[in-house]
Amino acid sequence: MSDPKPPTAEAARGEPPTKFDFFKTIQAYLDEASDAVGLEPYIRTILSQPKNEIIVNFPVRMDDGTVRLFKGYRVQHSNIIGPFKGGIRYHEDVTLDDCKALAALMTWKCALMRLPYGGGKGGVKCNPRQLSKAELQRVTRRFFFSLGNNIGPDFDIPAPDVGTNSQTMAWAMDTYANTVGHINKQGVKGVVTGKPVASGGTLGREKATGQGVVHCLTEWAQEKGFNLEGATMIVQGFGNVGSHTATILSRLGVSTIAVGDHTGYLLNPEGFNPHKLQDYVATHGSIAGYPNGRVISRDEFFATKADIFVPAALENQIGVKEARALDVKVVAEGANGPTHPAGEKILLDRGIDIIPDVLANAGGVTVSYFEWVQNKRSESWTLEEVDEKLETAMRRAYHDVVNMARAKRLPLRIAAYAVALNRIQAVYRERDIFP
Ligand code: GLU
């Protein structure tokens, strides 16, 4: 009834990943940052587990008439600051534990960005590349229907993530709107963000995560006295985050000389035209077969000398081997959790800076917040307004993290957690716990 299990990205590239327990890793960072800011033990205890873990199994009729059962998750980590917020990913390797880790990251990310949100994350275990558009629509509608009142515009607000996009969010919003009754239908657009602009999305959301990565890199460059004009970068993943990071950086004079995705890796020492590559991926679904580059191995990719590395694919990509091989000055984490703790240690020992995920890729959720505010107020902001507000928010967060790192002598990741935890702690101290 179900398709044979497709090869995972790791299997496709022929090597086992470094053993990685995503949730335990995030918990260890939480412990380290808690010690650094003297977090009260009861708050650490509360934050060490998500508030709710929802699992649904739902049937979907496939194009060939058979019925397939899908497993979906929604983990709601914290809503002490505001509604749960975070993406929905469609990937064959999605697990509850990964959603728990990713949901916690959203709590830190939103607190760091001063957004009135907590953290959540979900997903459906499936390979979206093997589903037709009609099947994807039915999967999405049935999944969101199954979530029912576990989401809501003032309770839990999903958004795109790996394997989902604005189309997914349009179906999700429409499904939710059809469950609330005629009278409320127009008022629930904000139940998801990252929608297409015509369906209540905002200008600037599509490129927002990449734009935020670039703001971090420009701040980093300024701080280090590094000239981005003429610099080089390598990028892993050429989906929404990787491709927009590359196109926006190209306007600042940074050339992308190596790129990879789930199908393999390409090198072009002269620099790729990121717009052309973006168009190619839009039509072909991946970078495979792109003519203006030489196919290289994953090992060659990681050893390519460049100034910047942007991992913008999945978690656990920079293990010990990759961290030893990387020949860059800075790693800006477009993906969530791309660096294994053992890899991180090596990078830091080698003097390679890491702009951590909760800061580097926070542009996406920040513009999601702008979309949600526009939905609430029935407004449409100009691209300039969105861009300007995002830039202000990213620069402020970058400096909050750097200042914390300096004051407490912490690596940037722990400093980012520390800034977030201080804000969460302030709220717990005021509100205390119920009853
Ligand atoms: N999935 C994105 C993230 O990991 C965006 C979440 C959102 O916009 O809510 O930050």
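From a predicted model like this one, the values you see are computed outputs, not experimental measurements. Just so you know, ligand 1 is whichever comes first in the structure, and atom 1 is the first atom listed for that ligand. Side-chain atoms are counted along with the backbone in the values below, which use heavy atoms only and exclude waters and symmetry mates.
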For ligand 1, list every N/O pair with the protein closer than 3.5 Å, one pair per line with the distance.
residue  : atom   : partner : partner atom : Å
ligand 1 : 1 (N)  : P160    : O            : 2.9
ligand 1 : 1 (N)  : D161    : OD1          : 2.8
ligand 1 : 4 (O)  : K109    : NZ           : 3.1
ligand 1 : 4 (O)  : K121    : NZ           : 2.9
ligand 1 : 4 (O)  : N336    : ND2          : 3.1
ligand 1 : 8 (O)  : R205    : NH2          : 3.1
ligand 1 : 8 (O)  : S368    : OG           : 2.6
ligand 1 : 9 (O)  : K85     : NZ           : 2.7
ligand 1 : 10 (O) : K109    : NZ           : 2.7

Before you tell me yes or no, could you show the steps for Y117 and F84 under ring-ring contact (aromatic ring centres under 6.0 Å, His included), namely the whole-Å CA-CA distance, both residues' side-chain angles and the distance that decides it to 0.1 Å?
CA-CA 6 Å; Y117 290 142; F84 304 108; over 10 Å; no

Do any N or O atoms from the side chain of E315 and from the backbone of T339 form a donor-acceptor pair under 3.5 angstrom?
no

What pairs with R142 under salt bridge (charged side-chain N to carboxylate O under 4.0 Å, His left out), at least two apart in sequence or on another chain?
none

Ring centroid separation for F145 and Y176, is it under 6.0 angstrom?
no

Under 3.5 Å, is there a donor on one side chain and an acceptor on the other for T168 and N165?
yes

So how far is it from F22 CZ to Q27 CD, rounded to the nearest 0.5 Å?
12.0 Å

